[in-house]
Amino acid sequence: MSSIIPTVAEYVVNRLADLGIDRVFGVPGDYAFPFADAIEECERLEWISCANELNAAYAADGYARVYGASILSTTYAVGELSALNGVMGSKSQRLPVFFIVGSPSTQIQRQGLVTHHTLGDGIFNQFQSISAAACCVSTNLTPDNVVDEMERVIREALRLSAPAYIILPMDFARMPIMGQPVKGQLLNAVKRTKSDPASLDAAVQFVLNKVNGAKQIVALPSNLIATYGLTNQFVEFLKQSGMSYATSPMSKGVISETHPNYLGLYSGVTSSPPALKSIVEGADLILDLGGLINEDINTGNWTSNLAPDKTIVIGDHFVKMGGTLFSGVTLEDMLIELTQKIRPVAKLQLDEKPLQFPIVGAPSDSTSSANFYPRLQKMLRSGDVLVAETGTCMLFLTPMWLPEGVGFQAQALWGSIGWATPAAEGICMANKSGRTILVTGDGSHQLTANEIGTMGRYGIKPIIFVLNNALYGVEIIVSESGWKYDDIAQWNYSYLPGAMGCSDWFCAKVSTVAELDAAIEKANAHDGASYIEVMIPASESKPVDIALQNHVYKANIPV
Ligand SMILES: Cc1ncc(C[n+]2csc(CCOP(=O)(O)OP(=O)(O)O)c2C)c(N)n1
Ligand SMILES: [Mg+2]
């Protein structure tokens, strides 16, 4: 920090850097210069200039998935409003993103001056409520509230695992703070909210009684296990209880798929292996760790059948079964207590094991989904994180069995196309353990492809597969074909990295299996980023049967 007493902007960025976050994703703008200056001066933080604010928000989302929290910085109004879909996505996916915004000075605001990035009406606070709605907590900082407010905001963002909105007028930003600065701790050392002891005892006893009275028990961990940093605790719980578990499209990757108690991917009629549906639904007790399992896409369009009277939901801060509800209990404390007190339970038997997809296709065959996905699966190795975009690829990637140590990230609930490309940037920057492999459809990629230039500029080394079918293919699958609005502009994707200044990238366009094999071999060996455009026949995207469409969109809405 430049002065002995830090300025408000310096204090904010340093207090967030205390958490161990080492990058800030953003786009600078004059009202936010004090933040940008403080970030550039802070040795613990690197400023990552993204192509636009939406990309920055997606990148911050990706970073928070791996590290546990992240920082996003934009200017007032035009910047923050551009970021909002991304920040709202982080709220939906339960990720703490500290969203810091610089605003016009209080001198400008008090005089009601007509100034840029406003509606010219002298009203300055009308965008705050919009941005704050994408967050779980918000604060308007001043020199005298900044110390207390930063503690409150950090605590709330971590308690609710969701974004925090921090806005700071430009003049206040350059003033010294009042009060005693707080030196924070690294994220994994921060004490999280504790449960009410009596409620915790009662909830734990309730769950144990149900467990003791059940013979076939299955756990369904959600993404909250990862966002609250509870993966190791859940592994310990599995060790003590011996309980079988399944993931779902929304929670794929939160926990190993090689564990002996792993059953597969539960997703209603689209469960994999298919027999898993009856195993999960036939259990006499289901521990739903998160409470979002019955989302439509997560359950093959609500084809799940999890009896409420057999399902205990252990949520972020509550435990619920039918009309019985315990509040004031955290998921973390529940897992810790249950790990200590649970008796070993029977392992569920499912004979079908998730497998390596067989490698198919002759060298001269055209590339297709059938020959691409097995090759992708084969190239995965421990430490890799597979990033999956919304679109047809999700239908292939969620049932794909992942080798040990391979992570999986998707925006399965919010589902905003374009997320995956910048998110892969943030994930790659936070993922110190291995490679980051992005799979995106061409249509989705067109929304945010300009972030490739940022990746090249900062020298990160993702492996990117762009699936070129010249269509919004998945939209055809879920509706009638023939609409022109599902055709997209035909780009030469493999030229993009070069055009965006990415040097030392291995780029290829592949349309035969031999070319695909050669490109994967090259990408595996290349010490640099790779960008592989894979041609996929448009004819693969066929509408599902009209009866199924009606079932999905008209008939099968749960009441
Ligand atoms: C921001 C946003 N806009 C529109 C949609 C609707 N949508 C969902 S998937 C999709 C098409 C994806 O096409 P592509 O990435 O090419 O994948 P494909 O299915 O062709 O492999 C669209 C437009 C969305 N989910 N998010
Ligand atoms: Mg497409």
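As the structure lists them, so they are numbered: ligands from 1, and atoms in each ligand from 1.
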J.: Is the Phe465 to Phe372 ring centre distance short of 6.0 Å?
T.: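 Between Phe372 and Phe465, which both carry aromatic rings, the centre distance is below 6.0 Å.
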J.: Decide, yes or no, whether a salt bridge links Lys91 with Asp61 under the criterion of side-chain N to carboxylate O below 4.0 Å.
T.: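 Answer for the salt bridge query: no.
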J.: Could you tell me if any non-hydrogen atom of Cys393 lies under 4.0 Å from any atom of ligand 1?
T.: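 It does not; every heavy atom stays at 4.0 Å or beyond.
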J.: Does anything in residues 492-512 form a ring pair (Phe, Tyr, Trp, His ring centres under 6.0 Å)? List the pairs, not counting sequence neighbours.
T.: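 Those involving residues 492-512 are Trp491-Tyr493.
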J.: For Ile488 and ligand 1, does the shortest N/O to N/O distance drop below 3.5 Å?
T.: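 Checking ligand 1 against Ile488, no N or O pair falls under 3.5 Å apart.
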J.: Is Leu447 close to Trp419 at the side-chain level, that is, under 4.5 Å between some pair of heavy atoms?
T.: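 No; the side chains remain at least 4.5 Å from each other.
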J.: To which of Gln411, Glu475, Glu389 does the heavy atom nearest atom 6 (C) of ligand 1 belong?
T.: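 Among Gln411, Glu475, Glu389, the closest heavy atom to atom 6 (C) of ligand 1 belongs to Glu475.
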J.: Ser444 to ligand 1: N or O pair under 3.5 Å?
T.: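 Min N/O separation from ligand 1 is below 3.5 Å for Ser444.
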J.: Return a yes/no value for Asn85: is any of its N or O atoms, backbone included, closer than 3.5 angstrom to an N or O of ligand 1?
T.: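 N/O-N/O distance under 3.5 Å: no.
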J.: Is the closest side-chain heavy-atom distance between Val544 and Ile477 below 4.5 Å?
T.: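 Yes, at least one pair of side-chain atoms sits under 4.5 Å.
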J.: Tell me whether Gly443 has any N or O atom under 3.5 angstrom from an N or O of ligand 1.
T.: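 In this structure, Gly443 places an N or O atom under 3.5 Å from an N or O of ligand 1.
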J.: Please write down residue, atom name and distance for the protein heavy atom closest to atom 3 (N) of ligand 1.
T.: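 Looking at atom 3 (N) of ligand 1, the protein heavy atom closest to it is Ile417 CG1, 3.7 Å.
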J.: Any heavy atom of Ser416 sitting closer than 4.0 Å to ligand 1?
T.: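 Ser416 counts as a contact of ligand 1 under the 4.0 Å cut-off.
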J.: Among side-chain atoms of Glu540 and Asn469, is any donor-acceptor pair under 3.5 angstrom?
T.: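 Distance-only check fails for Glu540 and Asn469.
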J.: I'd like to know if Asp442 contacts ligand 1, where contact means a heavy-atom distance under 4.0 Å to any ligand atom.
T.: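 Yes.
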J.: Please state which protein non-hydrogen atom is closest to atom 11 (C) of ligand 1 and give its distance, to 0.1 Å?
T.: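 Atom 11 (C) of ligand 1 sits closest to the protein heavy atom Tyr472 CD2, 3.4 Å.
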J.: Evaluate whether atom CG of Asp527 has more than 12 neighbouring non-hydrogen atoms of other residues, nucleotides or ligands under 6.0 angstrom away.
T.: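 Open: at most 12 neighbouring heavy atoms sit under 6.0 Å from CG of Asp527.
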J.: What I want to find out is whether Arg159 reaches Asp316 closely enough, with some N-O distance under 4.0 Å, to be called a salt bridge.
T.: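 Here Arg159 does not pair with Asp316 in a salt bridge, since their nearest N and O are not under 4.0 Å apart.
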J.: With a cut-off of 4.0 Å, which atoms of ligand 1 are near a heavy atom of Asn469?
T.: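 Under 4.0 Å from Asn469, ligand 1 has these atoms: 18 (P), 20 (O), 21 (O).
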J.: Is it the case that ligand 1 has an N or O less than 3.5 angstrom from some N or O of Gly415?
T.: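 N/O-N/O distance under 3.5 Å: yes.
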J.: Counting no waters, what protein N/O/S atoms lie under 2.8 Å from the Mg ion (ligand 2)?
T.: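 Result, waters dropped: Asp442 OD1, Asn469 OD1, Leu471 O.
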J.: Is the shortest heavy-atom distance from the side chain of Tyr76 to the side chain of Leu81 under 4.5 Å?
T.: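 The answer is no, as the side chains (C-beta and beyond) never meet within the 4.5 Å cut-off.
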J.: If you count the atoms of ligand 1 from 1 in the order shown, which ones are under 4.0 Å from a heavy atom of Thr392?
T.: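 Result: 18 (P), 19 (O), 21 (O).
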J.: Less than 3.5 Å between some nitrogen or oxygen of His445 and one of ligand 1, yes or no?
T.: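 The answer is no, given that His445 and ligand 1 share no N or O pair closer than 3.5 Å.
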J.: Just wondering, are more than 12 heavy atoms of other shown residues or ligands nearer than 6.0 Å to CG in Asp504?
T.: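 For Asp504, atom CG is not crowded (no more than 12 foreign heavy atoms under 6.0 Å).
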J.: Just checking Tyr245 against Tyr262, ring centres under 6.0 Å apart?
T.: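 Between Tyr262 and Tyr245, which both carry aromatic rings, the centre distance is below 6.0 Å.
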J.: Does any part of the side chain of Ile437, heavy atoms only, come nearer than 4.5 Å to the side chain of Leu376, both counted from C-beta?
T.: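 In contact.
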J.: Quick test of your reading of the model: are Lys509 and Glu515 salt-bridged, counting only N-O distances below 4.0 Å?
T.: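 Salt bridge: no.
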J.: What orientation do Tyr67 and Tyr63 show, parallel under 30°, tilted 30 to 60°, or perpendicular over 60°?
T.: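 Judged by the thresholds at 30° and 60°, the geometry between Tyr67 and Tyr63 is tilted.
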J.: For atom 17 (O) of ligand 1, what's the nearest protein heavy-atom neighbour? Residue, atom name and distance, please.
T.: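 So the nearest neighbour among protein heavy atoms is Gly441 CA, 3.8 Å.
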J.: For atom 20 (O) of ligand 1, which protein heavy atom lies nearest, and how many Å away is it?
T.: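 The protein heavy atom lying closest is Gly473 N, 2.6 Å.
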J.: For atom 9 (S) of ligand 1, grab the closest protein heavy atom and report residue, atom and distance to one decimal in Å.
T.: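 Here the closest protein heavy atom is Val474 CG1, 3.3 Å.
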